[in-house]
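What follows is a short report on a single structure.
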Amino acid sequence: MLTSTQLNTMLTLQDNMNKKVNPQWLNAGYGYLRAAMIEAVEGIEHHGWKWWKAQTKDLPQLQMELVDIWHFAMSAIIIDFEGDIKNSAETLSNELSNTNTVVSFDKTDYDFSKMPILDNLELMTGLCAAKRFSVPLFIKIVEQAEMSTDELYRQYVGKNVLNFFRQDNGYKEGTYQKLWQGREDNEHLVEVLNSLDLNTPNYSDLVYQGLANRYPN
């Protein structure tokens with residue numbers, strides 16, 4: 001389970017990232033749950049679902065989509081609490097401790113503890129489209145994607161650093177290069193994260209430097 005320290009750290013990082021993009025992000029009206037919906041669909045694609053062709057599940061990229069969803073979900077929660085990180089963290093902590101595994105959607109009850117990951121991803125997509133988000137459902141999907149909450153934290157910090165890196169290298173202006181040596185930056189991030197110790201004091205700085213060493217000048 002994510003600790004209160006981890007929750008506060010992630011929410012603070014998210015708030016800082018959003019402020020970097022737009023200092024007035026809380027009142028900008030951005031569709032964070034719409035973004036989460038799109039990421040959930042991309043997660044379905046990375047898992048593979050087409051019965052008419054051979055597909056291979058890309059687990060690292062599926063996990064990265066879940067990390068992206070967590071970014072957007074936390075942003076929506078911070079907005080709900082008008083920028084109050086403490087109350088946002090307390091609410092997330094309470095939802096994480098919720099043992100109810102049933103989600104009601106479109107007049108139907110779904111017990112996500114008994115559903116396969118593709119069905120749960122589809123359920124989360126529908127909820128996000130309806131401007132709703134279930135933290136317990138999300139954590140169940142994380143578990144089904146073979147991630148621990150510590151791994152979610154590790155990858156979240158990594159992706160947050162990537163977002164800062166993107167902004168520092170022209171993402172908003174449209175000059176950022178997402179493909180390096182024929183691979184997306186997400187793929188490079190996975191390799192950088194796997195090469196570092198989570199417990200290193202300057203972990204986030206090392207992730208940033210690892211990306212900088214790979215980025216084309």
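No hydrogens, no waters, no symmetry mates; every other heavy atom, side chains included, goes into these values.
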More than 12 non-hydrogen atoms from neighbouring residues, nucleotides or ligands closer than 6.0 Å to [atom1] on [X], yes or no?
X	atom1	value
W52	CH2	yes
E173	CD	yes
K86	NZ	no
Q144	CD	yes
Q181	CD	yes

Between [X] and [Y], which heavy-atom pair has the shortest distance, and what is it?
X	Y	result
L162	N186	CD2-OD1, 3.4 Å
M1	Q6	O-OE1, 4.2 Å
K159	V67	CB-CG1, 3.8 Å
W180	D185	CZ2-CB, 3.7 Å
S134	V103	OG-CG2, 3.8 Å
A40	T125	CB-OG1, 3.2 Å

If you apply the rule side chain to side chain contact (heavy atoms under 4.5 Å, CB included), what do you find for T101 with K140, and how did you get there?
CA-CA 9 Å; T101 61; K140 178 60 179 180; over 6 Å; no
Count I, L, V, M, F, W, Y as connected when their side-chain heavy atoms are under 4.5 Å apart, and connections chain through other members. Are [X] and [Y] then in the same cluster?
X	Y	value
I78	Y153	yes
M37	M64	no
L123	W49	yes

side-chain hydrogen bond (donor to acceptor under 3.5 Å, both in side chains) between Y30 and N18, worked out:
CA-CA 11 Å; Y30 298 142; N18 292 349; over 6 Å; no
Donor-acceptor pair, [X] side chain versus [Y] backbone, under 3.5 Å?
X	Y	answer
E39	L66	no
E95	P136	no
R154	L193	yes

Which of parallel (below 30°), tilted (30 to 60°) and perpendicular (above 60°) describes [X] and [Y]?
X	Y	value
Y32	F72	tilted
Y110	F105	tilted
Y156	H71	tilted
W70	F138	parallel

Nearest-0.5 Å distance that lies between atom CD in Q155 and atom CG in D150
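The CD atom of Q155 sits 12.0 Å away from the CG atom of D150.
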Would you kindly say whether N163 and Q167 are connected by a side-chain donor-acceptor distance under 3.5 Å?
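Not at all, the side chains of N163 and Q167 share no donor-acceptor pair under 3.5 Å.
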For K20 and D168: C-alpha separation, side-chain torsions, deciding distance, then whether salt bridge (charged side-chain N to carboxylate O under 4.0 Å, His left out) applies.
CA-CA 10 Å; K20 188 175 182 68; D168 289 343; 3.1 Å; yes
